[in-house]
Amino acid sequence: MTVQRPDPARDAVAVREATEHFLAAATELPADALSGPSLLPGWSRGHLLAHVARNADALVNLLTWARTGVETPMYADAATRDRDIEQGAGRPLDVQLDDLRASAERLEEAAAQVPPAGWAAQVTMRSGKVIAAAEVPWRRLVELRLHLVDLGAGYGTEDLPAGFAARELAVIADGLTGHEGVAAVRILDTEAGTDWTIGAAAEPDLTVSGATRPLLAWLSGRAPYDGLTVAPDGPLPVLPPL
């Protein structure tokens, strides 16, 4: 399946909707819930909320880079990123919510300031991957949708919008195609009738089949992924963390 091309204007609309959804879910959390664990190992819900806010500011940096041509990394360095999340994790819910709203507004304003030609600029993600600036709104959408699942507030991968799930499944599977160190697996989306072969080997050893959302849950390191089948019969292969 071909990965859908990014469209900053279309994706910005989806980001606005996802931001409202994320904020609504966070607002409903009991005040003492922030110290409880999120579904991300080692992070409380407070850590996760702080991360989502700082991610918005990090993406503002990339859009500033696209607009000005001046290299502006997402984060000064890994230690600064981790420290900002740690320091923000223990704040009260109302402070967290204000930060989430303000950082989302900064990101929306930064996107509005990128000229049409600026979306073609090449910027570098924290991972070192180089992307077109046009992909930044989509990256934010992924953060919001998947971290809402990770918040552990009653919203699961089975609740993800169908179009988002199909697109993100294609993005992840495409990124694992030809990837050294990944098990050679054919992935068959029985819901959409699409398939990919991940890993570097020419011939896959296994086929993992199932519907879109469970496949996305598995590939993104989340749960549940009930209903997936493996042929020949056996356990699901272990994939590297994203």
Yes or no on side-chain contact (heavy atoms from CB on, under 4.5 Å) for Phe22 and Thr27, after CA distance, side-chain angles and deciding distance? CA-CA 9 Å; Phe22 190 95; Thr27 301; over 6 Å; no

Let me see the working for Glu17 and Arg145 under salt bridge (charged side-chain N to carboxylate O under 4.0 Å, His left out), right down to the final yes or no. CA-CA 10 Å; Glu17 176 186 324; Arg145 293 294 190 199; 3.6 Å; yes

Stepwise, does the side-chain contact (heavy atoms from CB on, under 4.5 Å) test hold for Val142 with Phe164? CA-CA 8 Å; Val142 171; Phe164 169 84; 4.0 Å; yes

Please check this pair: side chain of Thr72 against backbone of Val70, looking for a donor-acceptor N/O pair closer than 3.5 Å. yes

Under a 4.0 Å threshold between the charged nitrogen and the carboxylate oxygen, would Asp99 count as salt-bridged to Arg54? yes

Without swapping roles, check the side chain of Asp11 against the backbone of Pro137 for a donor-acceptor pair under 3.5 Å. no

To the nearest 0.5 Å, how far apart are CG in Leu169 and CG in Leu160? 11.5 Å

Flag the pair Val208 / Leu215 as yes when at least one side-chain heavy-atom distance between them is below 4.5 Å, and no otherwise. yes

Counting only heavy atoms from other residues, nucleotides and ligands, does the tally under 6.0 Å from CD of Glu203 exceed 12? no

Would one find more than 12 heavy atoms of other residues, nucleotides or ligands at under 6.0 Å from atom CG of Asp94? yes

Taking the side chain as C-beta and beyond, is there a heavy-atom pair between Leu93 and Leu49 under 4.5 Å? yes

Inter-residue atom distance Arg83.CZ - Tyr75.OH, 0.5 Å rounding: 13.5 Å

Any heavy-atom pair between the side chains of Arg139 and Leu141 that's under 4.5 Å? no

Honestly, is Arg167 close enough over Trp138, meaning NZ or CZ under 6.0 Å from the six-membered ring centre and within 45° of the axis? yes

Main-chain N/O of Ser44 paired to His47 side chain as donor or acceptor, under 3.5 Å: yes

Over all heavy atoms of both residues, which pair between Gly210 and Leu228 is shortest? Give the atoms and the distance, please. CA-CD2, 3.7 Å

Are Leu239 and Ile198 side-chain neighbours, meaning at least one heavy-atom pair lies under 4.5 Å? yes

Nearest-0.5 Å distance, CG of residue Leu48 to CD of residue Glu143: 9.0 Å

Which residue is it: Thr124, Val60, Leu59? I am looking for the one with a side-chain contact (heavy atoms from CB on, under 4.5 Å) to Met74. Leu59

Consider only side-chain heavy atoms of I, L, V, M, F, W and Y, link residues closer than 4.5 Å, and tell whether Val15 and Ile131 are in one cluster. no

Can you check whether Arg213's main-chain N or O pairs, donor with acceptor, with Thr157's side chain at less than 3.5 Å? no

Of all the heavy-atom pairs spanning Asp57 and Ser103, show the shortest one and how long it is. OD1-CB, 3.9 Å

So Pro8 and Val114, do their side chains get closer than 4.5 Å, heavy atoms only? no

Heavy-atom closest pair, residues Ser220 and Leu146: CB-CD1, 4.5 Å

Are any of the side-chain heavy atoms of Val149 and Asp159 separated by less than 4.5 Å? no

What pair of heavy atoms forms the shortest contact from Ala50 to Gly88, and how long is it? CB-C, 3.8 Å

Test item: Leu144 and Val52 side chains (from C-beta on) under 4.5 Å apart, heavy atoms: yes

Using a 3.5 Å distance criterion without hydrogens, assess whether the side chain of Thr212 forms a donor-acceptor pair with backbone atoms of Ala165. no

The reported gap from CD in Glu105 to OG1 in Thr19 (rounded to nearest 0.5 angstrom) is 10.0 Å

Looking just at side-chain N and O atoms, do Asp77 and Thr80 make a donor-acceptor pair shorter than 3.5 Å? yes

Applying side-chain contact (heavy atoms from CB on, under 4.5 Å), run through Asp189 and Asp195 and close with a yes or a no. CA-CA 6 Å; Asp189 184 339; Asp195 69 291; over 6 Å; no

State whether the side chain of Arg45 and the backbone N or O of Leu151 hold a donor-acceptor pair below 3.5 Å, judged by distance alone. yes

Taking all non-hydrogen atoms of both residues into account, name the closest pair between Ala89 and Gln96 and its distance. O-NE2, 3.4 Å

Pair Arg5, Asp7 - check side-chain contact (heavy atoms from CB on, under 4.5 Å), show working. CA-CA 6 Å; Arg5 291 175 60 85; Asp7 180 330; over 6 Å; no

Under 3.5 Å: donor-acceptor pair, side chain of Arg140, backbone of Asn55: no

What's the shortest heavy-atom distance between Arg91 and Val95, and which atoms? CD-CG1, 3.8 Å

Salt bridge check: are Asp150 and Arg222 linked by an N-O gap of less than 4.0 Å? yes

Are Trp196 and Leu176 packed together at the side-chain level, in the sense that at least one heavy-atom pair is separated by less than 4.5 angstrom? no

Interatomic spacing from CG in Leu107 to CG in Leu63 - rounded to 0.5 Å: 6.0 Å

Hey, can you tell me if His51 and His147 have their rings parallel, tilted or perpendicular (30° and 60° cut-offs)? perpendicular

